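Whatever order the structure lists ligands and atoms in, that order sets their numbers, starting from 1. Fair warning: this is a prediction, and the values are worked out from it, not measured in the lab.
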Amino acid sequence: MITLLIATRNAHKVGEIAAILGAGFRYLKIQGDDDLPVVVEDAPTFAGNAVKKAETIARALLLRSVSRLPAAQEKFFVLADDSGLEVDALGGAPGVHSARFAALDSGADGNSTDADNNAKLLRLLADVPQARRTARFRCVLALVEVNRAVPMLAPQVFEGACEGRIDFAPRGVGGFGYDPLFIPLGQDKSFAELGESVKNGLSHRAKALAELREWFKGSGEK
Ligand code: IMP
């Protein structure tokens with residue numbers, strides 16, 4: 001079986017990736033006490049950040065002999081997800097800054113709370129009518145094999161987008177991040193109202209993971 005170490009400390013992302021890809025893989029996640037670096041996400045693109053996360057974690061695993069590496073005959077990959085929201089009326093913001101959108105103003109370190117990010121988004125869009133509230137979620141996945149016997153290759157990159165619009169107030173309790181404000185195209189409920197299984201059928205992450213699944217099939221790994 002193929003093992004995927006999901007290179008994120010965001011438990012929601014891990015849950016969605018595992019739910020979408022299903023039982024054909026074994027999943028590991030980064031634990032608080034892992035001797036793995038915290039990656040600074042300072043690239044100007046989702047792809048740049050996803051590749052940086054996957055390569056940094058894979059290199060750390062190889063160099064530091066972290067005990068989680070399985071036996072050499074097993075297939076082991078690091079999978080990184082960089083994702084975010086692009087709002088057309090804001091020129092594509094928050095984009096790569098989605099996780100710390102509110103903190104961009106305060107200068108605070110680290111990510112902002114979902115509530116603060118959503119409040120800022122609503123504030124900036126207060127005068128924008130429904131027809132101009134178009135937006136999309138983007139997800140870029142970077143996948144790199146970790147194998148002591150062979151040199152590390154450049155990550156495979158997979159992308160997905162989900163078009164929609166930003167509502168006027170948060171609705172629903174499911175999901176995470178901007179889900180209570182995002183209404184996917186063709187729906188009249190937010191991702192947070194639609195629930196996990198509907199979201200995971202049409203999300204940006206689901207589309208990127210469908211590409212990844214195809215790559216595994218084509219590469220003969222699965
Ligand atoms: P990062 O990829 O860890 O840099 O952060 C992604 C940020 O984008 C999250 O903290 C959320 O604010 C937002 N985001 C990404 N994917 C989703 C999603 O599926 N639903 C809602 N918000 C998301």
(request) Consider only side-chain N and O atoms of Thr134 and Arg165, and report whether a donor and an acceptor are under 3.5 Å apart. (result) no
(request) Go through the side-chain N and O atoms of Asp81 and Ser83 and say whether any donor and acceptor fall under 3.5 Å apart. (result) yes
(request) Enumerate the protein residues lying less than 4.0 Å from ligand 1, judged by heavy-atom distances, in chain and residue-number order. (result) Lys13, Glu41, Lys53, Asp81, Asp82, Ser83, Gly84, Ser98, Ala99, Phe137, Phe176, Gly177, Tyr178, Asp179, Lys199, His204, Arg205
(message) According to side-chain contact (heavy atoms from CB on, under 4.5 Å), who are the partners of Val128, at least two apart in sequence or on a separate chain?
(response) Ala89, Leu125, Arg132, Arg133
(request) Check salt bridge (charged side-chain N to carboxylate O under 4.0 Å, His left out) between Glu163 and all other residues, then give those that pass, not counting sequence neighbours. (result) Arg136
(message) Using side-chain contact (heavy atoms from CB on, under 4.5 Å), reason through Lys199 and Glu16 one step at a time and then give a plain yes or no.
(response) CA-CA 9 Å; Lys199 178 183 177 187; Glu16 287 190 7; 2.7 Å; yes
(message) Tell me every residue that passes ring pair (Phe, Tyr, Trp, His ring centres under 6.0 Å) with His12, counting only those two or more places apart in sequence or in another chain.
(response) Phe176
